[in-house]
Number of protein chains: 2
Amino acid sequence: MRKLPPHTSPTSSTEAIAARIRDAVVEHRLPPGAKLGEVALGEIFGVSRTKVRQALIRLAQEKLVSLQPARGAYVAKPDAREARELFDTRRVIERVLIERFAAGATREQLSSLRQHLQCERQAIAAGDTALRNRLLGEFHVLIAQMVGNQVMTDMLRELVRRSSLATLLVQTPRSASCSSDEHASLIDAVLRRDAIGAVRLMDEHLAHVERDLKLSGLDGEALDLRAAIKV
Amino acid sequence: MRKLPPHTSPTSSTEAIAARIRDAVVEHRLPPGAKLGEVALGEIFGVSRTKVRQALIRLAQEKLVSLQPARGAYVAKPDAREARELFDTRRVIERVLIERFAAGATREQLSSLRQHLQCERQAIAAGDTALRNRLLGEFHVLIAQMVGNQVMTDMLRELVRRSSLATLLVQTPRSASCSSDEHASLIDAVLRRDAIGAVRLMDEHLAHVERDLKLSGLDGEALDLRAAIKV
DNA sequence: AGCCGAAGAATTGTATACAGTCAATTGGGG
DNA sequence: CCCCAATTGACTGTATACAATTCTTCGGCT
């Protein structure tokens, strides 16, 4: 007997739903405070509330949504303090990462990173802000992956996502381009095996990104869930 | 109108269940690989599978249990690599934490920490291994809390839990006592405002803990779930 | 007109029911 | 006697149904 469709991923359809919502949150298509009704989401994805609920629980644990008892799920609203703490934590981790990367980066890794940089530039040039912001974040996760500590990589990935939510990343194309330039400088420093310089650049880079964040702003009211999620 | 019983926590009854299982996992009452059947757990807690499932999803995201598609939930079995990465990550974070703590610890914080140390010693003397291991871990989280970065604290808490699972923490009373002594040395260094010494001590301490871990071992078969969870 | 209160609607919390998948066991054949 | 295949059993995956709570709206009172 065939099982060609080895049956769609089991618990991973839940992850697929979580991923869709997560992307919408991280890309600011769903603003902080937006209501995430279970039935509404269920209709959008064509599944029951059970599955939606499970996805929301996951996202709540990632601190991307806030579950309010008997009130419902809302996109999380990180405050200024949390934003500061997020970037502080990132600095701690990423300083070490870039230092190690400078010490051990292979030629292939650097070239792969440069390729990623190209993608960033392309997205910036094309004015695709969603893709641009995603790529700017993934740059950092990529370095973590290359360094090779899976645990640290997973943590950083979560931190980067939360950072994106915390900063109403309405980064101007100009500051995005600036970010990308700093990424390039980082690569150069690593190429020179300049660990100290790389660490300094990473510190400055994260400080710049943090400075550009404009917290708070629009309260997530009145919103078309379907439009925000349907990519 | 009264709402004296503000109604038992809403989504937090799920968290209560997760906590019970989590404690059992972290304290090694449930060995890595142990099957966590949904119906069995539901009967133990007197709830339906729905709630158990939600709790298991949370624990899976904390990497304490492994969800296998259509196969069920099992206590996670971190391998040697993951254990190394966990301690590596802890070193990165805790070095910074102890450094900052040495720079800014208040008298009250130090006294509170010394009080905790007393509890550790008491548990060790009493031969209460479960409490002992819990306290030894909480020492590190406590320092994080005192330093004040909530994000970093949460991450460290998770790392500590995972460390406990990864190491088949059958720490001998002797090495536990050793751990506690190193905690005391850390407090002393902070008291002297010796940041450099404190960092060194933390590094050594984590290295010692990591060295004491004996990975693998018994495969979690044949086990009385109820006995393991009912405290 | 404004505020308080109550009934109704909508949404969340939880359990149960059913369908699908995997593991085990039994029966037959080599 | 061993090995393979099909049926049976147990458990997970998902949806639906019901109960409880909250929000809303409408009516009445001050």
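These figures come from a predicted structure and were not determined experimentally. Chain letters run A, B, ... following the sequence lines, proteins first, then strands; residues in each count from 1. Just the heavy atoms: all of them, side chains too, but no hydrogens, waters or symmetry mates, feed the values below.
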Measure the distance from CG on A:Leu36 to P on C:dA10 and round it to the nearest whole Å. 20 Å
Rounded distance in Å - CD (B:Glu38) to C1' (D:dA10): 12 Å
Heavy-atom donor-acceptor pair, A:Arg71 side-chain to C:dG13 base, under 3.5 Å: no
Can you name the salt bridge (charged side-chain N to carboxylate O under 4.0 Å, His left out) partners of B:Arg84, sequence neighbours left out? none
Check the distance between D:dA15's C1' and A:Lys51's NZ and give it to me in whole angstrom. 11 Å
ring-ring contact (aromatic ring centres under 6.0 Å, His included) partners of A:His116, counting only residues at least two apart: none
Output the single nucleotide from C:dT21, C:dT16, D:dT22 whose closest atom is nearest the side chain of A:Ala70. D:dT22
For residues 54-66 of chain A, which residues have at least one heavy atom under 4.0 Å from DNA chain C? none
Would you kindly compare A:Thr50 and B:Val39 by the position of their nearest DNA chain D nucleotide and give the one closer to the 5′ end? B:Val39
Below 4.0 Å: OP1/OP2 of C:dT12 and any side-chain N or O of A:Lys35: yes
Would A:Arg53 and A:Glu38 count as a salt bridge (Lys or Arg N to Asp or Glu O under 4.0 Å) here? Give the steps. CA-CA 7 Å; A:Arg53 206 174 169 70; A:Glu38 296 179 358; 2.5 Å; yes
Taken in chain and number order and not counting sequence neighbours, the residues that satisfy ring-ring contact (aromatic ring centres under 6.0 Å, His included) with A:Phe87 are none
Can you tell me the distance, in whole Å, between the CD atom of B:Gln68 and the P atom of D:dA10? 21 Å
Does B:Arg53 have a side-chain nitrogen or oxygen under 4.0 Å from the phosphate oxygens OP1 or OP2 of D:dT12? no
Taken to the nearest whole Å, CD/A:Glu43 to P/C:dA10 is 13 Å
Rounded to whole angstroms, how far apart are CZ on A:Arg49 and C1' on D:dA19? 12 Å
Which whole-number value in Å describes the distance from B:Tyr74 OH to C:dA23 P? 8 Å
Please identify each residue that fulfils side-chain hydrogen bond (donor to acceptor under 3.5 Å, both in side chains) with A:Gln150, with sequence neighbours left out. A:Asp154
Would you please name every residue forming a ring-ring contact (aromatic ring centres under 6.0 Å, His included) with B:Tyr74, sequence neighbours left out? none
Does any donor atom in the side chain of B:Ser66 or B:Lys77 lie under 3.5 Å from an acceptor atom in the other side chain? no
Ignoring hydrogens and angles, does a donor from either the side chain of A:Ser13 or the base of D:dT14 sit under 3.5 Å from an acceptor on the other? no
